[in-house]
Amino acid sequence: QDDMMEQPLVGFWEQCPTPENLPETVNVGAIFGLSEAVAVYGTAQQNAVQLAVDEINASHYLGESTTLVVMFEDSAGNRDQAIAAMTKLVEEDGVVAVLGPTLSSEAFAADPVAQENSTVVMGVSNTANGITEMGDYVFRDSLPEGAVIPGTIAQAAEILGLAKVGLFYGNDDDFTVSGYEVFKAALEENSIEILGEETFAKGDVDFNAQLTNLIAAEPDALVVSALAAEATQIILQARALGYEGPIIGGNGFNSPAVLRDSGADSEGLIVGGAWNYGNPNPSESSVQFVEMYEAAYEMSPDQFAAQAYTGAWLMATAIRCADSTDRTDVRDALAGIADFDSPLGVFSFDEDRNPVHDPIAQIVVEGKFQPLALVMGE
Amino acid sequence: MLELRSVSRLFGGLQALNQVNMLVPAGKVVGLIGPNGAGKTTLINNISGLDHPTSGEILFNGTPIHMRPPHHIAQLGIARTYQNIRLFGEMTALENLLISQHGRGSASILDALVFTPRYLREERRLRDTASDLLERFHLTQVAKLRAGNLPYGDQRRLEMARALGTQPKLLLLDEPTAGMNPVETEALGEQILRLVREDGLTVLVIEHDMSLIHQVCDEIYVLNFGQIIAQGTPDEIKRNPQVIEAYLGQDEE
Amino acid sequence: MEFLRSIGITEIVMQFMLINAILGLSMYLVLYTGMFSLANAGFMSIGAYTGVILTQNFDQPLWVGLLGGMAVAGVLAVPIGLPVLRLKDIYLAIATIGFGEVVRILILNFDTLAGSLTGESVRLTRGALGITGIPKITETWHLAAFLVVTGFIMIRLHRSRFGRAMAAVRQDEPAAANMGINVVYTKNMVFIMSAVLAAAAGVLKAHLTRTISPGDYGFDQAVSILAFAVLGGTSTWVGPLVGGFVLTALPEVLRDFKQYRGIVNGSILLLVIVYLPGGLVNPAGWSQLWTRLRGKKQGDTLTAEVS
Amino acid sequence: MALLEVSNLHTSYGAIKALRGITFQVERGQVVSLIGANGAGKSTTLNSISGLLKPSSGKVLFNGRDITGWRADRVTGLGLVQVPEGRLVIANMSVEENLWMGAYPRKDRAGIQADLNDIFARFPRLAERRTQKAGSLSGGEQQMLAVGRALMVQPTLLMLDEPSMGLAPLLVNEIFHIIAEIKDRGIPILLVEQNARKALQIADYGYVIERGTIAYEGPAEQLQQNPKIISAYLG
Amino acid sequence: MNITQQVVNAIWLGGVYSLFALGYALVFSILGVLNLAHSAVFMWGAFIGLVMVTQFSFSVWLAIPVAMLGAGLIGVLLDAVAFAPLRRRNAPRIAQLISSIGAAILLVNIAQLIFGTQPERFPLGSIPTDTIEGLPFRITPIQIIILLVSVALMALLQYMVIRTRAGQAMRAVAFNQRVASLLGVNVSGIFRMTFFLAGALAGAAGVLYGLAYNSMTPFMGDQVALKGLTVIVLGGMGNIQGAVVGGFVVAALEVFSIANGGSNYRDAFVFTLLFLILLFRPQGLVGQKEHTRA
Ligand SMILES: Nc1ncnc2c1ncn2[C@@H]1O[C@H](COP(=O)(O)OP(=O)(O)OP(=O)(O)O)[C@@H](O)[C@H]1O
Ligand SMILES: Nc1ncnc2c1ncn2[C@@H]1O[C@H](COP(=O)(O)OP(=O)(O)OP(=O)(O)O)[C@@H](O)[C@H]1O
Ligand SMILES: [Mg+2]
Ligand SMILES: [Mg+2]
């Protein structure tokens, strides 16, 4: 059939020609948390990767007769299982490269296995410091909090004239603690006083006591480092306690579910992130991704999905450019990707294999995300 | 051998033992009788260290033992049986007897790990003693069976054998013939007398079966509401009106 | 070997199996003495952190880390065991879970706490992020050797005076005490031995997974360790060993079930324990199952005896 | 037709055959005594009738109805009530609650209250301790409570397993008085006792169990005269 | 620091904890076994309620009894699959603990297959969420409702266990199944009833919890499992009032350790208190000493 599927917007067509030397199937591994509590993120990642793979194969991105196959493995958010899955994929199944694992803590345990086998592993949601320092085969396309938060805080400080804030974070999770550390540094950078710090634990659902403390100090804003599930509760409970000021959050708040579930209470929420569903002026590829994702799964994608989707495309592109399933060739090709048009924006890797693209800082106005910079203009 | 000086035990508001004075001379069999709930088991619990008196003193060969932990008391030479059989039911009869000699051994885990001569010698000694006891109590046949599955009578005998395994000087028996028919009871009485005669043991026995009491006891104490209400030879006690009133009742036979 | 790999049991999985067998044995010791203690995950974390700090911050070899971790856990087991082992059953279980949680929170906040006490910035346990970049220096033969030695100790234990005292204490504490057994000593010694074993597993595992964080040693881990022992069966020491093997291998072997993996895994766990309540290694259980399967009737008790 | 007819009952514990063909009956209005050595199978017999154990073969007819293998609560519901061996009172319930519990199958509150008062009158010791937790009673007090509790059912046939075990002589007499009184009320009793002499004195008919089978049977007076039984059980 | 508000926070949180712990305590008191699948039944209760509202357009108030019924039936099923066979085999209690873990894994994974992993919520507007005006502190109607419901359920349950025939039978079974059956109690029936009641309580807790926090995933039970355990031990194992007292004590301790700047050590405080209580009062705050004698 001639009228092939529409050429995807995401891709790297100009730089690399259609590969010729690839085998019939190219196997790539993916380790996501598909069961236990982490599945909230892992299943979105799996969905997004599958979406990308279907597109890649339909468009013969890797050549007429080459099919990309992703072998998904569940790590259940568990380190041992992540290591076992990585070993299986890399040593037994002989995959070309691996996407994942979902959690940074899993990555610290499992990525060295890939590194030792000279196999590319690309984190699509690892934000902790030191991930790519594990070796030259370790990549990620997820912006660490350090790349997102300082900008958000600086902008917010300017617009809102922040002088004093309350800081709230989960103290037993590597993601939320990283976020907290970056927030704290950024606040100090901008000479904003921290009136009080409160913590919660993973799985908490009630934040009234901490919020009561924070609100009593009458902050200009609440700065919160939390994952999505807690983020919603924190917004709702802070509002129920009568807090009406802005709430500034990191990546965790950057989810359609947060906006949907907190409804009117999300007004004034300021979010920094790598990608946002509600971005009012997204790139074309981002729009297309959202459309396709919604069509396929009847729900809106979040940042996890966008990063996983981009990750799959990046990997396919590296294979395409390498025109080889040699793991080292793929690594080199991946490292060479720059100015790649993706839903995340124009994407490159820096020399440390960390992502480079513009983060977004947005504020919820009338139930919609607006660029913070735009509101600043008013 | 054993002396109780105004021993009292309070459970909340309940005076289970009230100023009990008692003397158990060496080489004798002393009986302890009294209505249900009089405090007899409580008394034995206090002597054996499972429970401690609220006030008063218990002396064993002159040493105060009332605040000692039970394993000390066992090592000093006091052993007991229980009103409801308390064997180590999941272990074999033989193992029950090996355990009973715990306080007599000294080999440590390290000895066992590297098979020191001390360990080997001691194990041999424990096993020899155990088979002696099995033989004496007619339990050799069932040595390898789980104690919990033994017929009741065997369990009673095994419990007695186990008490002897600790090599006691004083044996405390709490209703040893409960659930036995008269013929079995009499046989047990014989056994108790043999222990005193042949092994030089001293015995304090709680019983409701007056025929056994008469058969074995040199002296009897009667406890009622935690107080000693009478003391004397079996014949004296049998005629004591207070005891008849509180405990024996009019014999109808 | 080839076969094992083909069903998903790679070397690393085998290493985890060996480690979990050690954990199963540490649980076995306390259960065998009648103590329902769930402190093992806590001691595992104490061992892991001590061992890693020794090898990473003080550049010691693995065996020093191992002995250090075991020693610290063993020493800490004394002040914990003395008050807590007076408790029984579920109360002991909860108190020891509480101990595990307190250890977790202390490790989580150790740096801040030490920092505020000394006035300097401390970076030792590194909070929730945990310690990363630990070299993988534990090897299969380390684990196998450790397990063989442990197994030998178990065998000897059961033939010793102390081992018999353990069994006696499990079955009837007062009666054991009246036999001259020092119940408090026995229970605390076993608690220490169990803590030491768990700590060893913690050290060895930390140098296998390259990273540790406080969250690894919480309630879930405590319950898993219990499951190793109980599913394997606690009537002999081989049971917990097998339990550790099986429960570790199972999720890996079941990978092909994809999204149904959890359901299959849960069903297998349920079926095994329902049909073999005494655990996998329990001849009596298998022979009963066999008679049941052949449909032979026997004078079954209709209602259970519980007392 | 007898009230209770047991024929050729077999029961085992795993590989151990405890009953090897027990046959006996209890007539209306009679006290029947089962005696035998320790471990002969007396308790096993009672448990196999009451439904605590499931016999592997044989038949139990109660009031002409085949109740073999019935669940214990259904058997009790028919008025065939067993007082188990040992002190199985409900430890964390008060004395009074235990007695109420005994009346579980009944619905007539007034009648229950009357019977309760009757039992307190008969056992003043229990009345004194009506609010005390049953678990802290002495052995003998618990035994009293267990018998009292069984009476609360208003049984058609009462099975007592060693009711005098562990009781002081005074109370043993009292228990046998009660048994006599229950008999006078027309309630038949199946009595298992080690105190064989007293048991046969009160019984109309007796059976002797040896190693899981009935070795002797006969009217109670006759058994009391039997020299073999005297030397083996009566002493 | 706003003391009034913190007191209100503590009371409210106590209500939530108690509600979850009630069914947990009930099963423990009868079975003597920790039912680690209780939190999975709780989760199913929440989802049943949700499905009633979203798929069948039930009102939230009608969804609660339906969820109770559904979760109660799941409880009965749980008994039949994971507990009854072990009871029949005279299995050690610890085996029942493990089988309940297996059952929990199953229930959670089935829920994941059916409901997915993304957080679900009751539709906006299906419950009143505006804070009540004119009070010196802030509280929402749903918070008050949950408090009232948990207190009412506790009172009802307490009455049932102490006063009714069924309750007495439950206590008899808890003590000794043989004796209970000789007293004419249908032991299996009592177990089924207990599991039904505990399931129904978990179901009510699940829906109310879902309404209160409005975020439900198949893993929501994990969040309360350990807390529930803490609560029932603190209050006194297998004791209805204990569950409630424990719930409020844990909540108060949490809230006030946070209020005094100790949010980092909140759980350490809770577990240390638990530890101390166990050492000095192993029967828990409300529990009574076991009256069993040597
Ligand atoms: N731990 C305890 N707590 C409360 N009361 C107790 C305790 N132990 C015993 N008692 C009470 O103390 C009294 C004496 O009990 P004890 O067991 O010593 O009696 P006994 O003379 O052995 O009776 P029996 O002949 O029936 O065995 C009883 O009334 C009993 O209820
Ligand atoms: N739970 C059990 N498991 C195994 N064997 C048992 C069990 N209960 C009883 N037995 C055995 O069955 C036989 C009959 O026991 P049973 O209890 O019926 O005797 P009994 O006549 O009531 O004796 P006693 O006077 O001791 O009460 C005995 O040999 C006993 O060892
Ligand atoms: Mg007594
Ligand atoms: Mg009997």
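Just so we're on the same page: letters track the sequence lines, and every chain starts at 1. Because the structure is predicted, anything quoted here is derived from the model rather than measured.
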Chain C shares the most heavy-atom pairs under 4.5 Å, among B:Glu123, B:Glu122, B:Gln75, B:Glu90, with B:Glu90
Is there a side-chain contact between C:Arg159 and B:Tyr119 (heavy atoms, below 4.5 Å)?
yes
At what distance, to the nearest 0.5 angstrom, does OG1 of C:Thr186 lie from NE2 of B:His71?
8.5 Å
Greatest number of heavy atom pairs closer than 4.5 Å to chain B - which of C:Ile153, C:Ile181, C:Val184, C:Val183:
C:Ile181
B:Gly105 backbone acceptor or donor facing C:Arg161 side chain under 3.5 Å:
yes
Could you check whether atom CZ of C:Phe152 has more than 12 heavy atoms from other residues, nucleotides or ligands sitting under 6.0 Å from it?
yes
Answer with side chain, backbone, both or neither: which region of B:Ile99 has an atom nearer than 4.5 Å to a non-hydrogen atom of chain C?
both
Side chain, backbone, both or neither: which part of B:Arg104 has a non-hydrogen atom closer than 4.5 Å to chain C?
neither
Approximate separation, where rounding is to 0.5 Å, of B:Asp111 CG and C:Arg156 CZ
10.5 Å
Exercise: identify the closest heavy-atom pair between C:Ala177 and B:Ala74
O-CB, 4.0 Å
Counting heavy-atom pairs under 4.5 Å to chain C, which of B:His72, B:Arg80, B:Arg162, B:Met91 comes out on top?
B:Met91
Do the side chain of C:Gln171 and the main chain of B:Leu87 share a donor and acceptor less than 3.5 angstrom apart?
no
What are the two closest non-hydrogen atoms of C:Ala175 and B:Arg86, and how far apart are they?
CB-O, 3.9 Å
Heavy-atom cut-off 4.5 Å, strictly under: side chain, backbone, both or neither for B:Gln101 against chain C?
neither
Considering non-hydrogen atoms only, spot the tightest contact between C:Asp172 and B:Phe88 and give its length.
O-CE2, 3.7 Å
Is there a donor-acceptor contact under 3.5 Å from the side chain of B:Glu95 to the main chain of C:Arg164?
no
Checking B:Ser100 against chain C: side chain, backbone, both or neither under 4.5 Å from a heavy atom?
both
Got a second to check how far C:Met179's CE is from B:Asn96's CG, nearest 0.5 Å?
8.5 Å
Per-residue contact mode, B:Leu76 against chain C (heavy atom under 4.5 angstrom):
neither
Which heavy atom in C:Asn178 sits nearest to a heavy atom in B:Ser48, and how many Å separate them?
ND2-O, 3.2 Å
